Amino acid sequence: MRQLAVWVADLLLPVYGREVTSQQPWCPRWWEHLEAVARLHGLWLAWQEHTDPAAGASGPAIWHRDHLGPVLTELRSPHGPFAGCKAGSHRPKTPPTVESYEDAVAASEQPEPDPYETSLW
């Protein structure tokens, strides 16, 4: 995580960080957004691959086209993970509620009660 944070602070944001607006948000505490960490980690790994000399002369262009643009579009979307965050202000997000898979499977495996069985006897 430390290496990713250095890459974001020293390369990504100084070069590609545009002005923060309500239509293009950025969170100053981006590392607290799990989606942002996942997307930026993938972007960083792709950057390492495509800036390696083995990637050839078009490697950086491919990184810009296939990785940088789509990731920044998603991150900085007004509906993306930084929605509601402002310069100098982090807004935590509440993830959707998820039922336990194990509980759902266990509940579906329980036999249906017999409608003709009565416990009155």
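As a basis for the values below, the full set of heavy atoms in this structure was taken, side chains included, without hydrogen atoms, waters or symmetry mates. The structure displayed is predicted, hence computed values, not measured ones.
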Please determine whether residues [X] and [Y] belong to a single hydrophobic cluster, defined as Ile, Leu, Val, Met, Phe, Trp and Tyr linked transitively by side-chain heavy-atom distances below 4.5 Å.
X: Met1; Y: Val6; result: no
X: Leu34; Y: Leu4; result: no
X: Val37; Y: Leu72; result: yes

So do [Y] and [X] actually touch side chain to side chain, heavy atoms under 4.5 Å?
X: His67; Y: His50; value: yes
X: Glu32; Y: Cys27; value: no
X: Ile62; Y: Arg65; value: yes
X: Gln24; Y: Val20; value: no

How close do [X] and [Y] get, counting heavy atoms only, and between which atoms?
X: Ala36; Y: Leu75; answer: CA-CD2, 3.6 Å
X: Trp7; Y: Leu40; answer: CZ3-O, 4.2 Å
X: His33; Y: Cys85; answer: NE2-SG, 3.5 Å

(request) May I have the step-by-step check of side-chain contact (heavy atoms from CB on, under 4.5 Å) for Trp31 and Val8, ending in yes or no? (result) CA-CA 10 Å; Trp31 57 87; Val8 169; over 6 Å; no
(request) Measure up the Trp47 and Trp63 rings against each other and bin them: parallel (under 30°), tilted (30 to 60°), perpendicular (over 60°). (result) perpendicular
Main-chain N/O of [Y] paired with [X] side-chain donor or acceptor, under 3.5 Å:
X: Ser58; Y: Ala61; answer: no
X: Ser77; Y: Thr73; answer: no
X: Arg39; Y: Val71; answer: no

Atom pair [atom1] ([X]) and [atom2] ([Y]), whose distance is rounded to the nearest 0.5 Å:
X: Glu74; Y: Phe82; atom1: CD; atom2: CZ; value: 12.0 Å
X: Trp44; Y: Leu11; atom1: CH2; atom2: CG; value: 12.0 Å
X: Thr51; Y: Glu49; atom1: OG1; atom2: CD; value: 9.5 Å

(request) Might you work through the side-chain contact (heavy atoms from CB on, under 4.5 Å) test for Gln23 and Arg76, ending with a clear yes or no? (result) CA-CA 8 Å; Gln23 295 301 307; Arg76 304 214 47 202; over 6 Å; no
